[in-house]
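Every chain is numbered from 1, with letters handed out A, B, ... down the list of sequences.
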Amino acid sequence: MRSFYGSQLANPLMLGTAQYPSPAILEAAFRDSKAAIATVSLRREGAGGAGQSFWQMIRDLEVHILPNTAGCHTVKEAVTTAHMAREVFDTPWIKLELIGHTDSLQPDVFQLVEAARILTEDGFEVFPYTTEDLIVGERLLGAGCEVLMPWGAPIGSGRGLANEYALRAMRSEFPDTPLVVDAGIGLPSHAAHAMELGFDAVLLNTAVARAGDPAAMARAMAQAVEAGRLACQADPIEPRDMATPSTPVIGKAFLS
Amino acid sequence: MTLHSVIGAGVAGLTVATELAARGAQVQVFDPAGPPGPHGCSWWAGGMLAPWCEYENAEEPVLRHGQTAIDWWAQHTEVDRSGTLVVAHRRDLPDLRRFSRRTEGYAQAGRDEITQLEPDLSGFEAGLHFPQEAHLDPRSALKSLRKALVAKGVPFYTEPASATLENAIDCRGYAARDQLVDLRGVKGEMLVIRCHDVTLRRPVRLLHPRIPLYVVPRGEGIFMLGATMIESEDKARITARSMLELLSAAFALNPAFGEAEILETGVDLRPAFPDNLPRIRRRNGRIYANGLYRHGYLLAPALAQGVADLALENTHSEFVDEDHR
């Protein structure tokens, strides 16, 4: 099993902590899904360490905390936010998110590679939120990243895996790198799909936080990633064009 | 006769004092900051009595108690019962559909209904009209409550309440955090603008995945724009980003807001417990009533009734919470 900077995840589900109706419901979502990682944003909440009460609630979840740089548009902002995150949560982990465009929330992969290099040289363990582009993936690994987190679809869109072909290509191009589908998941079937492709984990937020019953949706997602992981390990059959009878056909007029 | 001391004269303290006095109890009120003003977060509220809309993202008690709050307030201050209009731009229609699934008490409004309700909102094809909702002006409401209490002979003190005061009811909001470890502050930022080019009859909510906005008309061209919801306890000042987002959303509602004057900016912390519902707690002989979150005017009457039930009759309403964390 591939490890995330030396850590094995008991559960391949990573959940964001934004947009829940209340911290109590957020806590229920983690409890019911047993998600292994909580991502938490600092850019907007962080001024002067002012997010303390909420951050303490996240610590009390007792899962791995993966702080993120959501809302950062420049290398400088992202690096500053990462340093603050390391201080607040006492972890070298950082989910590096560099937004290129406010409207599409598409990652700016050029700044991403640069920020990843600066942060890994500074001892951070970087989880870059990227596109499915193979060359960008290579550059990120070259910059010192040991995990890649391509999008499934734009953040919050809930569209599932928009480019399955490219995600498959990424899996075979980087066989030893832990890969996480981050963003775009709307339904458990999307999460299972990512795991069936051989991805190591799925990171999602909106699909759970904005569901009518976030705790139930979190549980559904946990079951889906587990199903997808098992299916991948079980070596699924190849699709084919003709029906394949599961019972013997000898003696029946099957050629008629 | 027992003398009850209410500490804090924001929306929680004033409604509690009003309820106690209405039941014939003897009350005094302490607030070192003096009469209602910008020092308290209820000064900055939207004043929407919108339980059906709020139910989109809140627990059931908000819907239930919010409905009775409208009548409670109507007995104490001027309440405008002209409903709420919720709209979304074409690209955000999934958010409107979600909103309609999570709420009740509305009528679907198409382009014609929207412009009939609010002639200055053109360009919206779909919306929801919540006809039973209401709103008030928070500043007038606070002043009305205080005035009525003073008229009844309730004394207001600006010296700090003594720590040994008996029958004290702590309604200080976020300031009581040192006594309530699971209380947190949720930052909210708002603007007051003046724009004579736009007329709105009722509060309007514009749905957006990242920047939801509400606009509450205060009359004479004045509008309140709100409000951000940030898990932060920094209340120094409104940020440039928040101001930009609120104004962009208003501009998207009607571009004429671009010419508005900015009269005020506000920022404060909503006191909230982990489930964002209020609590009444009795500890060391003192009652704490807190955690109204973004539902100050909507839930204060129910909270006040719960406090009065506990203080005067020792009966426990649903907001009473004795878990002594």
Side-chain angles (χ1 to χ4, degrees), chain A residues 16-31 38 40-58 60-61 70-73 77 84 88 99 101-105 154-159 183 186 205-207 209-215 217, chain B residues 54-60 62 91-92 94-95 97-103 174 177 180-187 189 207-212 228-242 244-245 248 267 269-277 279 291 293-295 325:
Chain A
T17 55
Q19 304 182 68
Y20 289 81
S22 70
I25 292 174
L26 161 71
E27 199 245 325
F30 273 84
R31 190 186 57 226
V40 52
S41 113
L42 282 96
R43 177 71 182 137
R44 200 170 186 184
E45 293 75 8
Q52 284 305 340
S53 292
F54 186 69
W55 294 338
Q56 190 53 47
M57 290 175 180
I58 305 292
D60 291 345
L61 296 172
C72 291
H73 292 255
E77 273 181 292
M84 190 172 88
V88 170
I99 298 304
H101 196 286
T102 323
D103 208 31
S104 67
L105 299 178
I155 295 175
S157 67
R159 303 191 68 85
N205 187 347
T206 310
R210 300 274 289 161
D213 184 343
M217 188 59 85
Chain B
E54 287 298 313
Y55 188 48
E56 181 252 341
N57 209 26
E59 305 283 342
E60 183 276 337
V62 174
R91 51 180 271 176
D92 297 324
D95 292 293
R97 289 195 290 270
R98 175 183 186 276
F99 200 94
S100 70
R101 285 199 305 274
R102 305 285 311 276
T103 53
Y174 184 70
R177 181 152 195 267
L180 302 168
V181 290
D182 52 345
L183 192 73
R184 75 189 195 287
V186 180
K187 182 181 186 179
E189 297 153 296
L207 302 185
H208 184 276
R210 277 178 299 115
I211 319 169
T228 58
M229 298 267 291
I230 303 172
E231 288 288 350
S232 165
E233 291 168 335
D234 162 45
K235 53 171 276 188
R237 265 167 290 279
I238 187 171
T239 63
R241 181 196 300 267
S242 296
L244 189 67
E245 289 180 352
S248 301
V267 57
L269 302 180
R270 308 170 178 94
F273 289 107
D275 59 1
N276 293 341
L277 286 175
R279 298 269 194 289
Y293 183 51
R294 59 179 272 155
H295 302 126
R325 273 175 54 153

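Contacts of A:Thr102 with chain B are made by both backbone and side-chain atoms, with heavy-atom separations under 4.5 Å. Contacts between B:Arg101 and chain A at a heavy-atom distance below 4.5 Å are absent for every atom of the residue. Within the 4.5 angstrom heavy-atom criterion, no atom of B:Arg294 approaches chain A.
Applying side-chain contact (heavy atoms from CB on, under 4.5 Å) to A:Ser22 and the options B:Leu277, B:Asn276, B:Val186 leaves one that passes, B:Asn276.
Applying the 6.0 Å contact sphere to CZ of A:Arg159 captures no more than 12 heavy atoms from other residues, nucleotides or ligands. Counting non-hydrogen atoms of neighbouring residues, nucleotides and ligands closer than 6.0 angstrom, the CZ atom of B:Arg102 exceeds 12 such neighbours.
Separation of atoms CZ (B:Arg184) and CH2 (A:Trp55) is listed at 14.0 Å; rounding is to 0.5 Å. Note that CD of B:Glu231 is 13.0 Å distant from CD of A:Gln52, once rounded to the nearest 0.5 Å. For the atom pair CG (B:Asp182) and CD (A:Gln56), the distance works out to 12.5 Å, reported to the nearest 0.5 Å.
A donor and an acceptor atom, one from each side chain of B:Arg177 and A:Ser53, are located under 3.5 Å apart.
Chain A forms more heavy-atom pairs under 4.5 Å with one residue of B:Glu56, B:Met229, B:Arg91 than with any other, namely B:Arg91.
Looking at every heavy atom in both residues, A:Met57 comes nearest to B:Pro274 through CE-CG, 4.3 Å. What you find for A:Arg210 and B:Asp95 is that their closest heavy atoms are NH2-OD1, 4.0 Å. Here the shortest heavy-atom pairing between A:Ile25 and B:Glu59 reads CD1-OE2, 3.3 Å.
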